Amino acid sequence: MAEVPDELIKLERSAEVERAKLAGLTGDEYDAQLRRWREASEAVQAALTAHAAATGASRFEVEQAVKKAVRCAQEDPAVE
């Protein structure tokens, strides 16, 4: 697998940050944050699909490489 584009890493990190913000929320705050996380996750998925299609790479392999790059570079933001 070729080097993972920075844009995909940034999108994945953003989605992880939004996921981490769910911790401790309830009710309307939780619902609003869940929507933000889903929107960020959908953006990641769309970018992964577009990148794989444009490069002919396996979408699964692209996604795994992005997740590995993000998770190896930082601790889980939900734990902070």
Side-chain angles (χ1 to χ4, degrees):
M1 169 91 217
E3 187 172 323
V4 178
D6 288 341
E7 184 60 29
L8 294 178
I9 292 171
K10 288 177 188 175
L11 286 170
E12 178 68 16
R13 282 187 182 140
S14 175
E16 285 296 302
V17 167
E18 295 302 326
R19 179 192 60 81
K21 290 178 183 177
L22 287 166
L25 298 179
T26 59
D28 290 341
E29 288 179 332
Y30 179 86
D31 293 340
Q33 185 58 41
L34 183 62
R35 281 191 297 277
R36 286 189 286 277
W37 175 42
R38 285 182 178 158
E39 289 169 2
S41 294
E42 289 169 3
V44 171
Q45 295 302 314
L48 291 169
T49 299
H51 178 75
T55 62
S58 159
R59 192 201 172 287
F60 175 79
E61 289 177 7
V62 171
E63 182 172 9
Q64 293 307 304
V66 169
K67 288 183 182 297
K68 181 178 178 182
V70 170
R71 292 191 175 94
C72 288
Q74 69 185 31
E75 293 295 321
D76 185 346
V79 177
E80 294 178 347

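Computed from a predicted structure; not experimentally measured. Quick note: residue numbers are just sequence positions, from 1.
A pairwise comparison of heavy atoms in A15 and A40 identifies CA-CB, 3.7 Å as the closest pair. In this structure, Y30 and L22 approach most closely via the heavy-atom pair CE1-CD2, 3.7 Å.
A salt bridge links K67 with E63; the closest basic N to acidic carboxylate O contact falls under 4.0 Å.
The CD atom of Q45 sits 10.5 Å away from the CG atom of L11 when rounded to the nearest 0.5 Å. Between atom CG of residue L34 and atom CD of residue E39 there is a gap of 10.0 Å, rounded to the nearest 0.5 Å.
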Starting from the C-alpha separation in whole Å, work towards a yes-or-no answer on side chain to side chain contact (heavy atoms under 4.5 Å, CB included) for V44 and L8. CA-CA 7 Å; V44 171; L8 294 178; over 6 Å; no

Could you please spell out the steps behind the salt bridge (Lys or Arg N to Asp or Glu O under 4.0 Å) verdict for E16 and R19? CA-CA 5 Å; E16 285 296 302; R19 179 192 60 81; 3.0 Å; yes

Carefully, step by step, assess Q64 and R59 under the rule side chain to side chain contact (heavy atoms under 4.5 Å, CB included). CA-CA 9 Å; Q64 293 307 304; R59 192 201 172 287; over 6 Å; no

Steps toward salt bridge (Lys or Arg N to Asp or Glu O under 4.0 Å) verdict (E18, R38): CA-CA 9 Å; E18 295 302 326; R38 285 182 178 158; over 6 Å; no

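In summary, of the residues considered (V62, V4, V66), a side chain to side chain contact (heavy atoms under 4.5 Å, CB included) with H51 occurs for V62 alone.
With S14 contributing its side chain and K10 its backbone, the two residues share no donor-acceptor pair below 3.5 Å.
The number of heavy atoms from other shown groups lying within 6.0 Å of CG (D31) is above 12.
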